[in-house]
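What follows is a single structure, written as structure tokens, with notes after it.
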Amino acid sequence: MARGKKGGLLSRFAPDASLLFWRIITIVISIITLFIIVQSAWSIILSKREINRLTRLQKSYKEQIAADSTLLHRLQHDEYLEQYARERYNMQRTNEQVYKIK
């Protein structure tokens with residue numbers, strides 16, 4: 001009779017304990033993997049937002065550089081320089097009166 005039971009009460013629960021152990025290990029590994037994936041995805045989203053922001057900023061700087069380059073080129077001519085100074089800085093020639101109409 002002792003031979004047929006093969007360990008008695010403990011042998012009944014041993015397979016279940018082993019199965020439970022592997023289920024817990026699988027769940028823990030799955031949770032860790034899911035956490036790493038979510039963290040990586042969030043990092044990618046934040047990086048893409050920053051890239052888009054910097055791209056828009058770069059575009060605005062390029063537009064400003066183009067406008068400034070055009071202005072610099074135009075200011076090299078005396079006629080435009082005089083016109084620019086009169087309009088922008090309210091300059092006038094000697095013995096000249098300027099009236100602003102709004």
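Keep in mind it's a predicted model, so treat the numbers as computed, not measured.
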TODO: Check the pair K59, T55 against side-chain contact (heavy atoms from CB on, under 4.5 Å), reporting the backbone distance first and the verdict last.
DONE: CA-CA 6 Å; K59 182 180 177 184; T55 302; 5.8 Å; no

Open item on the list: Working to the nearest 0.5 angstrom, can you tell me the gap between H77 NE2 and L75 CG?
Closed with: 9.5 Å

Open item on the list: Would a single hydrophobic cluster contain both I65 and L57, if residues Ile, Leu, Val, Met, Phe, Trp and Tyr are joined by side-chain heavy-atom contacts under 4.5 Å?
Closed with: no

Task: Atom pair CG (N52) and OG (S47), whose distance is rounded to the nearest 0.5 Å - done: 11.0 Å

- [ ] Quick one: pull up OH in Y61 and CG in L54 and give me the separation to the nearest 0.5 Å.
- [x] 10.0 Å

- [ ] Flag yes if I29 and I36 sit in one hydrophobic cluster, no otherwise; membership is Ile, Leu, Val, Met, Phe, Trp, Tyr, and two members link when side-chain heavy atoms are under 4.5 Å apart.
- [x] no

Task: Candidate pair E79 and Q83, rule side-chain contact (heavy atoms from CB on, under 4.5 Å), full reasoning - done: CA-CA 6 Å; E79 300 85 29; Q83 177 188 350; over 6 Å; no

Task: Criterion side-chain contact (heavy atoms from CB on, under 4.5 Å) against S30, the qualifying member of T33, V28, I27, T26 - done: T26

TODO: Enter the distance from I32:CD1 to I37:CD1 here, rounded to the nearest 0.5 Å.
DONE: 12.0 Å

Open item on the list: Is there a path of hydrophobic side-chain contacts, each under 4.5 Å between heavy atoms, that joins V38 and L46?
Closed with: no

TODO: Quick one: pull up CD1 in I24 and CG in L19 and give me the separation to the nearest 0.5 Å.
DONE: 10.0 Å

Open item on the list: Given 3.5 Å as the limit, does a donor-acceptor pair link the side chain of T70 with the main chain of A66, or not?
Closed with: yes

Open item on the list: So, taking the atom named CD1 in I31 and the one named CG in L34, what distance separates them when rounded to the nearest 0.5 Å?
Closed with: 8.0 Å

